[in-house]
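Remarks on the structure that follows.
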There are 2 protein chains.
Amino acid sequence: MSETDLPAAPWDRRRRRPAPAKVPLTRERIVEAAFTVLDREGYDRLSMRQVALELGVAVSALYVHVANKDELFELMYLRLFEGRELPDPDPERWQEQLKEFARDGRAALLRHRDMARISMGQLPFTPTLLPHVERLMAIIRASGMPDRVAAMAGDLLSTYIEGFTLEEGMWLERYKDMDPSTWEVKRQEITDYFATLPPDRFPNMVAMAGLMVDESNDYRFELGLDILVRGLASYVEKTPEES
Amino acid sequence: MSETDLPAAPWDRRRRRPAPAKVPLTRERIVEAAFTVLDREGYDRLSMRQVALELGVAVSALYVHVANKDELFELMYLRLFEGRELPDPDPERWQEQLKEFARDGRAALLRHRDMARISMGQLPFTPTLLPHVERLMAIIRASGMPDRVAAMAGDLLSTYIEGFTLEEGMWLERYKDMDPSTWEVKRQEITDYFATLPPDRFPNMVAMAGLMVDESNDYRFELGLDILVRGLASYVEKTPEES
DNA sequence: CTTGTTCACTGAACAGTGTTCATGCTAGAA
DNA sequence: TTCTAGCATGAACACTGTTCAGTGAACAAG
């Protein structure tokens with residue numbers, strides 16, 4: 001409805017240049033650019049200058065929209081939860097629901113390079129995340145475990161997801177420069193290293209040489225998840241009528 | 001026995017100043033200084049320059065003994081395990097032994113400010129730690145759990161210890177500037193915040209308002225540990241003869 | 001058409017960072 | 001005394017996060 005909808009009148013000299021069609025800088029665009037830089041350059045090279053350069057803008061312009069590099073990290077962290085919905089609690093399926101939540105979390109972290117490093121060092125107690133935490137708690141409490149355990153369960157799960165993915169990402173970073181054909185060779189080298197340790201001093205290492213390296217990350221994540229959920233389940237008081 | 005034991009002869013012009021009694025720079029002294037700086041300044045202000053300043057030495061001198069800031073971090077990380085002995089495995093007490101290991105780990109991390117942040121981002125697969133890992137594995141395998149689970153158990157435990165202590169440390173850092181008298185007030189504020197949320201939208205948050213904040217870190221750590229160990233125990237195949 | 005104000009953005013600067021390298025000093029060997 | 005080896009130095013490079021006085025365009029009022 002404003003006059004900007006109308007074509008510019010040729011006699012109107014106010015705008016000789018077509019008003020450089022500036023896409024205004026917003027928090028969203030900054031976060032977007034930050035992710036682009038993160039994926040291309042990695043955590044260590046993610047700097048305010050690189051983000052500004054990505055947007056074709058002076059560094060100081062960023063600070064109008066974002067207080068800090070820390071605040072930028074926080075915004076990136078919040079992205080992890082956007083569009084991730086938790087189901088209504090189903091007391092029969094709380095274990096599977098928690099596992100699904102964890103798988104989602106890992107997937108979200110793996111979506112961007114080094115994302116786990118940003119996620120670590122963030123406390124998930126921002127009001128924005130309250131609805132999310134509330135729904136997670138609903139699922140946990142529906143299991144029937146004591147509230148003391150339920151309060152711990154959320155943290156425990158988050159710590160596992162982030163910790164596991166962090167370690168996973170560090171291995172990925174370490175071997176990303178090698179071409180995949182040598183991957184298998186390298187892995188065999190490591191397995192061999194463990195296998196050829198003096199068996200009298202390192203009997204357990206030698207015995208588990210294969211297992212420590214061979215298993216896929218997916219399998220290992222799933223196994224850790226199962227250990228955790230079993231531990232939680234052991235706190236659920238089974239009422240006599242359901243069994 | 002060298003001539004430096006003798007008092008300087010007044011006519012000897014070679015050393016007007018008493019040969020500044022140089023303690024030679026070593027990796028050990030550098031690591032020591034790094035810990036001093038870490039405890040005083042925190043992770044974010046721990047820089048090579050500060051370490052050099054602490055030692056009264058030029059920055060570049062550090063690089064003779066230490067390749068990198070990363071290598072310095074690695075050396076600091078290795079300190080965590082020095083003088084920490086694991087007991088011989090006792091199949092009857094594996095659960096308590098693992099818990100003791102975890103408590104030790106947390107204590108070691110808490111011994112230095114922000115130590116968990118250094119510890120995270122370190123892969124514990126350096127040859128120096130092999131004996132340590134071996135002994136941990138001995139305890140885990142003595143429990144009788146399948147090797148696949150045992151291989152995961154170590155990682156899971158380490159992730160928990162580091163993750164928990166990292167979060168713990170972040171809260172400590174956040175509130176360290178306040179004087180302890182206002183601590184209690186602040187905690188009540190947070191509890192109240194949760195308690196006064198709209199109960200129709202956040203029934204679970206409101207219900208657990210007290211539990212989420214009140215419990216001590218010691219208790220929470222112990223609880224998480226128990227959940228984990230119970231999960232592991234659920235994988236131990238109980239042979240018929242022992243029960 | 002002229003003013004004034006607002007707003008987003010710029011460029012330069014400050015105080016720091018990790019890391020390198022030619023230079024110098026010092027202690028011991030010949 | 002001279003030579004040599006090794007260590008430590010200071011200056012430099014290429015960065016970092018953050019601040020702040022100033023610029024220019026857009027719009028509203030007089």
Side-chain angles (χ1 to χ4, degrees), chain A residues 1-6 8-9 11-30 33-34 37-38 41-76 117-118 121, chain B residues 1-6 8 12-30 33-34 37-38 41-76 117-118 121:
Chain A
M1 291 296 168
S2 73
E3 65 169 323
T4 56
D5 293 342
L6 300 174
W11 62 87
D12 190 349
R13 300 178 56 212
R14 275 185 305 181
R15 37 188 80 177
R16 324 157 205 208
R17 271 166 280 173
K22 266 191 189 172
V23 188
L25 204 52
T26 61
R27 292 172 142 242
E28 295 311 311
R29 284 189 62 221
I30 293 175
V37 174
L38 180 67
E41 309 277 352
Y43 180 90
D44 293 319
R45 293 195 133 90
L46 169 55
S47 69
M48 298 301 271
R49 256 138 180 128
Q50 284 295 323
V51 174
L53 208 138
E54 181 70 28
L55 290 162
V57 132
V59 211
S60 39
L62 303 179
Y63 284 87
V64 178
H65 304 271
V66 151
N68 263 340
K69 197 184 183 185
D70 281 347
E71 196 185 270
L72 177 54
F73 280 169
E74 197 183 318
L75 291 175
M76 296 174 82
R117 284 177 69 182
I118 291 178
Chain B
M1 290 297 165
S2 73
E3 65 169 324
T4 56
D5 294 340
L6 302 174
D12 190 349
R13 300 180 55 213
R14 277 185 305 182
R15 40 186 75 175
R16 318 156 209 213
R17 273 165 278 173
K22 268 190 185 172
V23 189
L25 204 51
T26 61
R27 292 171 141 241
E28 296 310 311
R29 286 190 60 222
I30 292 175
V37 174
L38 181 66
E41 310 276 352
Y43 181 89
D44 293 320
R45 294 194 131 90
L46 170 55
S47 68
M48 299 302 269
R49 254 134 180 135
Q50 284 295 320
V51 174
L53 207 137
E54 181 72 25
L55 290 163
V57 133
V59 211
S60 40
L62 303 179
Y63 285 87
V64 178
H65 305 270
V66 152
N68 264 339
K69 197 183 184 186
D70 280 347
E71 195 186 91
L72 177 54
F73 280 169
E74 196 183 319
L75 292 175
M76 295 174 82
R117 284 176 70 181
I118 291 177

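The sequence lines fix the lettering, A, B, ..., with proteins before strands; numbering per chain opens at 1.
The CG atom of Leu62(A) sits 13 Å away from the C1' atom of dT19(D) (whole-angstrom rounding). The interatomic distance linking Asp70(A) (CG) with dT16(D) (C1') rounds to 14 Å, in whole Å. Distance Arg27(B) CZ to dC7(D) P: 13 Å, rounded to the nearest Å. One interatomic measurement links the two molecules: CG of Leu25(B) to C1' of dG6(D), which rounds to 13 Å at whole-angstrom precision. Straight-line distance from the CZ atom of Arg29(B) to the P atom of dC7(D): 15 Å, rounded to whole Å. For the pair Tyr63(B) OH and dG10(D) P, the computed distance is 17 Å after rounding to whole Å. One atom, CG of Leu55(B), and another, P of dT9(D), lie 10 Å apart when rounded to the nearest Å. Separating the CG atom of Leu46(B) from the C1' atom of dT17(C) is a distance of 12 Å, rounded to the nearest angstrom.
Closest of all the heavy-atom pairs between Leu46(B) and Ala34(B) is CD1-O, 3.9 Å. The two atoms that bring Phe73(A) and Ile118(A) nearest to each other are O-CG2, 3.8 Å, heavy atoms only.
Between Arg117(B) and Asp44(B) the shortest side-chain heavy-atom distance falls below 4.5 Å. Looking at heavy atoms from C-beta onward, Leu72(A) lies in side-chain contact with Met48(A) at the 4.5 angstrom threshold.
Side-chain nitrogen and oxygen atoms of His65(A) include none within less than 4.0 Å of the OP1 or OP2 phosphate oxygen of dA8(C). Residue Asn68(A) places none of its side-chain N or O atoms closer than 4.0 Å to OP1 or OP2 of dG17(D).
In terms of position along DNA chain D, the nucleotide closest to Ser60(B) lies nearer the 5' end than the nucleotide closest to the other residue of the pair Ala67(A) and Ser60(B). Comparing Arg49(A) and Gly56(A) against DNA chain C, the residue whose closest nucleotide sits nearer the 5' end is Gly56(A).
Atoms CD and CD1, on Glu71(B) and Ile30(B) in that order, are 9.5 Å from each other to the nearest 0.5 Å.
For Ser47(A), taking side-chain heavy atoms from C-beta onward, the closest of the listed nucleotides dT16(D), dT10(C), dT17(C) is dT16(D). Here the side chain of Met48(B) is nearest to one of dT19(D), dT9(D), dG18(C), namely dG18(C). Across dC9(C), dA13(C), dA8(D), the shortest atom-to-atom separation from the side chain of Ala61(A) is found for dC9(C). Each of dT19(C), dG11(C), dT18(D) was ranked by its minimum atom distance to the side chain of Lys69(B); first place goes to dT19(C).
Contact annotation for Val57(A): backbone-only contact, meaning every heavy-atom pair under 4.0 Å involves sugar-phosphate atoms and none involves a base.
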